[in-house]
Protein chains: 2
Amino acid sequence: MAQSSSTTIGGENLLFLTDEQLRKGIEAMFFAYRGFTADPDRILEEHGYGRAHHRALHFINRTHGTTVNNLLAILGVTKQSLNRVLRTLIEDGLVESRVGRTDRRERNLYLTEAGCELERALSEAQRERMRAAYRAAGPQAVAGFRQVLEAMMDDEIRGQYASLKDRRK
Amino acid sequence: MAQSSSTTIGGENLLFLTDEQLRKGIEAMFFAYRGFTADPDRILEEHGYGRAHHRALHFINRTHGTTVNNLLAILGVTKQSLNRVLRTLIEDGLVESRVGRTDRRERNLYLTEAGCELERALSEAQRERMRAAYRAAGPQAVAGFRQVLEAMMDDEIRGQYASLKDRRK
DNA sequence: CTTGGAATGTCAACAAGGCTGACATAAAAT
DNA sequence: ATTTTATGTCAGCCTTGTTGACATTCCAAG
């Protein structure tokens, strides 16, 4: 299966990073991401939604009451692009948008009952695949997986990711 | 950094897969993929191309002389969609399409000099980030990374990935 | 207090790149 | 001779990115 030649010299574990090995990693990332999105995509299609809707639902669920601006920063899209997705979710009664209490320019976003339900179905499908992959690979592999992914993020993003990391419902 | 609680009982290494841990993995995948595509995206933009062009260039370079049908299977898009991309690449002189030798219905695809050059620039940028991530995480993490990614792919895809895996230029 | 700028969010229009369907052509297979 | 396969093309639709223009709200300087 996946392997990378390494050797231990004087206690230091060195890695031979050939272009060929790196390319395998790149292709693995490409194909794995397809699998990663495949299950939620099927559910979304039944509802007439796309991946953008999934992302919005995920992060609204993640941080209840977040503002549009906040969401923009996390998702890395323009506000106009996000707005289109949000509008349909609000129209369909999956998301509620309340005028900000302290600053009335802001909108605080919440999932409705129906929104929670869809979010749960989507994330459950995605978790299921992740769970299977984790189990197949084992705990040590999982730790390595997370380490490499974190190292691959842009620096600013890693900060956002980290600050999201430990939050609870 | 990345961690996953595990314990060893009777030689078996068990993993506690809480929903919270799985969610962290999901978000890590999302943010890391953004980083993964960020560098090539910048280069592509300068040339007026998109990710679809990158994918085509990558896999044509990967398997010189591949047919259109082959590429479709790997990329998982429709021929119309691929054709649009391919047409521009051919017009711009990055890809050459030769009539098949044995079966003259087929078109064998090759990168031109210019195509090779752009492909190299793109993959070099991507490799550079991958290399940095690999180095930061260490060889054991890399092995785990690859294991989890492989386990995450769809079954048919994993076959394609594996058959690509060991090929040389 | 007023007024101008900054922040926030909405609407409109456009582009890339997916998709389906219909159809043409050439070559291979039957 | 007919059917199947591989490829290309046209038209049209959808999602989801983009930019530009504009409304609302807040805040701070005058």
query = For Q80(B), does the CD atom have more than 12 heavy-atom neighbours from other residues, nucleotides or ligands under 6.0 Å away?
reply = yes
Mutual orientation of the aromatic rings belonging to Y134(A) and F145(A) [parallel < 30°, tilted 30-60°, perpendicular > 60°] = perpendicular
message = Looking at H53(A), I'd like to know whether one of its side-chain N or O atoms comes within less than 4.0 Å of OP1 or OP2 on dT16(D).
response = yes
message = Determine whether a donor-acceptor pair (one donor, one acceptor, N or O, separation below 3.5 Å) exists between the side chain of Q80(A) and the base of dG20(D).
response = yes
request  = Could you tell me the separation between the CZ atom of R107(B) and the C1' atom of dA6(D), rounded to a whole number of Å?
outcome  = 8 Å
request  = Between Y49(A) and R104(A), name the one whose nearest nucleotide on DNA chain D is closer to the 5' end.
outcome  = Y49(A)
query = Is N69(B) near enough to dT7(D) that one of its side-chain N or O atoms lies under 4.0 angstrom from OP1 or OP2?
reply = yes
T37(A) and R51(A): side chain donor to acceptor below 3.5 Å = yes
key: Spacing of N70(B) atom CG relative to dT5(D) atom C1', expressed in whole Å   = 15 Å
message = Categorize T102(B) for me: base, sugar-phosphate, or nothing, with a 4.0 angstrom heavy-atom threshold over every strand shown.
response = sugar-phosphate
query = Any Lys/Arg nitrogen of K24(B) or E150(A) sitting under 4.0 Å from an Asp/Glu carboxylate oxygen of the other?
reply = no
ask   = Just checking G76(B): base, sugar-phosphate only, or nothing, at a heavy-atom cut-off of under 4.0 Å?
value = sugar-phosphate
remark   = Residues L22(B) and M130(A): closest non-hydrogen pair is CD2-CG, 3.8 Å
ask   = Within this structure, what is the CD-to-C1' distance between E45(B) and dT18(D), rounded to whole angstrom?
value = 10 Å
request  = Return the value, rounded to whole Å, for the distance between atom CG of N108(B) and atom P of dA6(D).
outcome  = 13 Å
message = Below the 4.0 Å mark, does dG17(D) have OP1 or OP2 next to a side-chain nitrogen or oxygen of R84(A)?
response = no
ask   = Quick one: does NZ or CZ of R98(B) land under 6.0 Å from the six-membered ring centre of Y110(B), within 45 degrees of the ring axis?
value = yes
request  = Specify the residue among V85(A) and E106(B) whose closest nucleotide of DNA chain D lies further upstream toward the 5′ end.
outcome  = E106(B)
message = Is a donor from one side chain sitting under 3.5 angstrom from an acceptor on the other, for H58(A) and S123(A)?
response = no
inquiry  = I want to verify a distance call: between dT19(D), dT7(D), dC10(D), whose nearest atom is closest to the R87(B) side chain?
reply    = dC10(D)
inquiry  = Between the side chains of R42(B) and E45(B), is the shortest nitrogen-to-carboxylate-oxygen separation below 4.0 Å, so that they form an ion pair?
reply    = no
request  = Find the distance R51(B):CZ to dG17(D):C1' and express it as a whole number of Å.
outcome  = 11 Å
key: Interatomic distance where NE2 belongs to H47(A) and P belongs to dC14(D) [whole Å]   = 19 Å
query = Expressed in angstrom and rounded to an integer, what is the separation of K79(A) atom NZ from dG17(D) atom C1'?
reply = 16 Å
key: Donor-acceptor pair present, R105(A) side chain and dT24(D) base, under 3.5 Å   = no
ask   = the helix from dC1(C)-dG30(D) to dT30(C)-dA1(D): angle between its terminal axes, five pairs each, to 10°?
value = 10°
Separation of atom CG in L44(A) from atom P in dC14(D), rounded to whole Å = 18 Å
First and last nucleotide of DNA chain C, 5' to 3', lying under 4.0 Å from heavy atoms of chain A = dA6(C) to dA13(C)
message = Whether the E119(A) and H54(A) side chains hold a donor-acceptor pair (N or O, under 3.5 Å, no angle test) is what I'd like checked.
response = no
ask   = Are the charged groups of R131(A) and E124(A) less than 4.0 angstrom apart, N to O?
value = yes
